[in-house]
2 protein chains.
Amino acid sequence: MSSTQLSRKEQIDQVATSLFKSRGFAATTMRDLALELGIEAGSLYSHIKSKEDILQRVCFKMADEFNAAFDEVKTKDVPAAEKLRLAVAAHVRVLTKNPPAAGVFLNEWRHLSEPSLSKFHDMRFQYEESLREIVREGIASGEFKVTDEKFVVLTLLSSLNWLHMWYKPEGKMSPDEIAEFLSNLLLNGLKNF
Amino acid sequence: MSSTQLSRKEQIDQVATSLFKSRGFAATTMRDLALELGIEAGSLYSHIKSKEDILQRVCFKMADEFNAAFDEVKTKDVPAAEKLRLAVAAHVRVLTKNPPAAGVFLNEWRHLSEPSLSKFHDMRFQYEESLREIVREGIASGEFKVTDEKFVVLTLLSSLNWLHMWYKPEGKMSPDEIAEFLSNLLLNGLKNF
DNA sequence: TACTAATGCGAACGGCCGTTAGCAAATTTA
DNA sequence: TAAATTTGCTAACGGCCGTTCGCATTAGTA
């Protein structure tokens, strides 16, 4: 069924990702990971550099995906409310496309060591700042009735970023339906505050 | 300034809690913990049974606090919308009273082993079920315009449960102001869906 | 004062951890 | 076919982990 053949390294990353998500990075051992792949722990090192090496790839790949999805939205010339709706949809799409990776991205990044950790922080700040910018636009234009754009973005991301905890691809709601539901709920809150 | 004198065991729990929150349970060593307290690792075991022993106390103490705060709300005879508002306020109050413990409760519970883990799951389900019940009430009475109470509660808790990540007691918003802001945002969303 | 509980030290235990090294197949490429 | 790459094994390393043990010291209590 799966279309493209994964390289051994990609397989390792994928299996590691779901283990990192379900058990946590620190609580996942290389021997666990090897067992899941049906090989010995030492054999992993023919393909990867280190345990954190995997974590880095997962975290920054997800960061790239969030940025790419968001960059498309940024360029659109639409009212702030609509732009925010698109941003929410983009965020949900990335989040639901690969829930294990999303979970690692959201919960395990703190196990990155410097300088990756700082780089990650920066990227995250940039992303959030872009969202705040949209909300500021909406406040200025009178579309949103709130005043504290920081708080709004925090709440927005909070409700989105828990998604990976319960979302199941086989569930009855599609990512687009989820995105629409969340947009409605949150944007109506902003407009009628 | 602090009113009551903490026993050594309570001190350990408290310091451990903030370490568990900032580094994660698995990545916090007993030697780290001991260092923070200015004693040797072995000395900890004059006061506690095991590392997980601490985690259990923190998790179930927080669970009790959430339940206690919520039980007060349950008994009130008010419309569903108002009840939900009170529940949100209660939840925020517990969450902000002790952010490190809240963080452990929300993110580190998975390191509990059986049978604690199952017990924790059950308590959590009960709590969420009670919230769903309120939302169902509100849907039935026409106060809320949504249809999927599961999704609503998930979104509600999501936005609340990220709070401990950025809330600082010395910040400019008080817990009550935060609770009011969140209630307004989310309830307006529900009513005008 | 004598007893008891609380508190802590230092050394050590068995075990698991991430990682490395040297070597051997198998597979791909030329 | 020959060379190069990919993939994997076994064994081991140094180190850190949670925890235990026996013993000392201190503080509270009768």
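Residue numbers start from 1 in every chain, and the chains themselves are labelled A, B, ... in the order their sequence lines are given, proteins ahead of strands.
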Give the rounded distance in Å between these two atoms: [atom1] of [X] and [atom2] of [N].
X	N	atom1	atom2	result
B:Glu10	C:dT7	CD	P	11 Å
B:Lys9	C:dG8	NZ	P	15 Å
B:Glu40	D:dT19	CD	C1'	14 Å
A:Gln11	D:dT6	CD	C1'	13 Å
B:Leu44	C:dC9	CG	C1'	12 Å
A:Ile39	D:dA11	CD1	P	17 Å

_side-chain hydrogen bond (donor to acceptor under 3.5 Å, both in side chains) pairs, two or more places apart, involving residues 77-90 of chain B_ =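 Found B:Arg85-B:Asn184.
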_Pairs satisfying side-chain hydrogen bond (donor to acceptor under 3.5 Å, both in side chains), at least one member in residues 151-162 of chain B, at least two apart_ =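 Of all non-adjacent pairs touching residues 151-162 of chain B, those that pass side-chain hydrogen bond (donor to acceptor under 3.5 Å, both in side chains) are B:His91-B:Asn161.
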Collect all protein-nucleotide pairs involving nucleotides 17-24 of chain C in which both atoms are nitrogen or oxygen and the distance is under 3.5 Å.
from, atom 1, to, atom 2, distance (Å)
C:dG18, OP1, A:Thr28, O, 3.3
C:dG18, OP1, A:Lys51, NZ, 3.0
C:dG18, OP2, A:Met30, N, 2.8
C:dG18, N7, A:Arg31, NH1, 2.8
C:dG18, O6, A:Arg31, NH2, 3.0
C:dT19, OP2, A:Tyr45, OH, 2.5
C:dT19, OP2, A:Lys51, N, 2.8
C:dT19, O5', A:Tyr45, OH, 3.3

*Taking only N and O in the side chain of A:His47, is any of them less than 4.0 Å away from OP1 or OP2 of D:dT7?*
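So the side chain of A:His47 is within the cut-off, an N or O lying under 4.0 Å from OP1 or OP2 of D:dT7.
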*Does A:Thr147 have any side-chain contact (heavy atoms from CB on, under 4.5 Å) partners at least two apart in sequence or in another chain, and if so, which?*
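Residues passing side-chain contact (heavy atoms from CB on, under 4.5 Å) with A:Thr147: none at all.
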_Tell me every residue that passes side-chain contact (heavy atoms from CB on, under 4.5 Å) with B:Ser46, counting only those two or more places apart in sequence or in another chain._
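Partners of B:Ser46 under the side-chain contact (heavy atoms from CB on, under 4.5 Å) test: none.
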_Applying side-chain hydrogen bond (donor to acceptor under 3.5 Å, both in side chains), can you list everything that pairs with B:His111, at least two apart in sequence or on another chain?_
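For B:His111 the side-chain hydrogen bond (donor to acceptor under 3.5 Å, both in side chains) partners, ignoring immediate neighbours, are B:Glu108.
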_Taking the six-membered ring for Trp, are B:Phe25 and B:Trp109 closer than 6.0 Å centroid to centroid?_
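No, they do not, as the ring centres are separated by 6.0 Å or more.
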